[in-house]
J.: 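Quick one: the structure is below, and I'll ask about it shortly.
What's counted below: heavy atoms across the whole structure, side chains too, no hydrogens, waters or symmetry copies.
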Amino acid sequence: MIDDFVYGTAGEAGQLAEVEAVVRAAAAAEILPRYRQLAAHEIVEKSGPHDLVTAADRLAEEYLTDALTRLLPGSVVVGEEAVHADPAVYDALGGDAPVWIVDPVDGTRQFVHGEPGFCTLVALALHGEVYASWTYAPVLDELAVAVRGRGATLNGTTAHSGSPAPGAVLKVAMSHPDYTSDAQKRALLGLRTDGIDARACGSAGLEYLAVACGASDAVAFNWEFAWDHAAGLLLVTEAGGAQSTLTGAPYRITGGNDLPFTAARDEATAGRILQALRAGAEG
């Protein structure tokens, strides 16, 4: 079922273009009308002042949930806001139904502040494998699509991560050390070393997009929620990049990963980031 949906059957294309249309429509209906127009009552703190949810998040997720499950009957949705309301929803990632992994507004803080650096993230997975993903930044007018085994595109043009120039300082976006455990903080602080220019990340989805297009060299994250990473990790790997958790195993959308983890423009760069993270962890 999922193969036919993604790759199509003989003489027929898959339904990826229909997903793209749904993602664009959700942004047009529920996100963009509220961009720089949010009322105070439409912004709510979840776990703290840096963890916000808005009416746009909730309504866009509802839109996507309805439209995507109609596109693929029998599928389910694991969305950030649904899991916040009921953590058991996350268990669907390990089930037998195709799963849409949805972050309606990735970069809510930027959205609330009226900045353009936010996006909608959608990924389609089954049995822990991500088959396709969509990263849509509506204000920036950027749409990246990745299909397992078929590569990645940005606005219809092939995305290729390439490799950093020999000897270049690596540009790395990382989790803010203030929002980590002590052990993860030590590991991330290993990136504060010669040859690496590390900074706190913005929207995770857009940081992955920058790596996939070669505008940034790597990311390093200490949290593993699938809605933040599933789309971007497929995008980076299909653009030619590499990813790994701290112990060398690949990131799993079902959780239980050894953190932090990295995604980078190529295997060598991922290795350098892991080496720095391990040095920090051991220090």
J.: Okay, side chain of Arg192, backbone of Ala198: is any donor-acceptor separation there less than 3.5 Å?
T.: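 Checked: pair present.
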
J.: Out of Lys171, Met174, Glu207, which one pairs with Arg199 under the side-chain contact (heavy atoms from CB on, under 4.5 Å) rule?
T.: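 Result for side-chain contact (heavy atoms from CB on, under 4.5 Å) with Arg199: Glu207.
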
J.: Report the C-alpha distance between Arg70 and Glu18 in whole Å, list the side-chain angles of each, state the deciding distance to 0.1 Å, and finish with yes or no for salt bridge (Lys or Arg N to Asp or Glu O under 4.0 Å).
T.: CA-CA 11 Å; Arg70 281 191 285 110; Glu18 295 178 53; over 6 Å; no

J.: Side chains of Leu68 and Val102: closer than 4.5 Å at any heavy-atom pair?
T.: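 Side-chain contact under 4.5 Å: yes.
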
J.: What's the verdict on salt bridge (Lys or Arg N to Asp or Glu O under 4.0 Å) for Glu62 and Arg58, showing C-alpha distance, side-chain angles and the deciding distance?
T.: CA-CA 6 Å; Glu62 291 174 8; Arg58 291 192 296 269; over 6 Å; no

J.: When you compare the side chain of Asp228 with that of Phe221, does any pair of heavy atoms fall below 4.5 Å?
T.: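 Result no, sub-4.5 Å side-chain heavy-atom pair not found.
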
J.: Would Tyr131 and Phe5 count as a close aromatic pair, with their ring centres under 6.0 Å?
T.: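 No, they do not, as the ring centres are separated by 6.0 Å or more.
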
J.: Can any side-chain N or O of Asn257 pair as donor or acceptor with the backbone N or O of Arg252 at less than 3.5 Å?
T.: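 Checking the backbone N and O of Arg252 against the side chain of Asn257, a donor-acceptor pair under 3.5 Å is found.
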
J.: Indicate yes or no: at least one non-hydrogen side-chain atom of Leu16 is less than 4.5 angstrom from one of Trp134.
T.: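 In short, these two side chains touch, coming nearer than 4.5 Å.
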
J.: Under a 4.5 Å cut-off applied to non-hydrogen side-chain atoms, are Val236 and Ser161 in contact?
T.: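 A side-chain contact under 4.5 Å is absent here.
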
J.: Listed by chain and number, what are the side chain to side chain contact (heavy atoms under 4.5 Å, CB included) partners of Ala125, not counting sequence neighbours?
T.: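 Ala125 satisfies side chain to side chain contact (heavy atoms under 4.5 Å, CB included) with Ile101, Val130, Ile253 only.
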
J.: Do Val19 and Leu124 make a side-chain contact, defined as non-hydrogen atoms from C-beta onward lying under 4.5 Å apart?
T.: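 SC-SC contact between Val19 and Leu124 ruled out.
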
J.: With a 4.5 Å limit on heavy-atom distance, are the side chains of Val6 and Arg148 in contact?
T.: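 Side-chain contact under 4.5 Å: no.
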
J.: Quick check: do Leu64 and Thr120 have side-chain heavy atoms less than 4.5 Å from each other?
T.: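 They are in contact (side-chain heavy atoms under 4.5 Å apart), so the answer is yes.
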
J.: Are the side chains of Phe225 and Val83 in touch, meaning some heavy atoms are under 4.5 Å apart?
T.: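 Heavy-atom side-chain distance check fails, nothing below 4.5 Å.
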
J.: Hey, what else clusters with Tyr63 if you join Ile, Leu, Val, Met, Phe, Trp, Tyr whenever side-chain heavy atoms sit under 4.5 Å?
T.: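 Taking Ile, Leu, Val, Met, Phe, Trp and Tyr as members, Tyr63 stands alone, with no cluster partners.
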
J.: Has Tyr90 got more than 12 heavy atoms of other residues, nucleotides or ligands less than 6.0 Å from its OH?
T.: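 Yes.
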
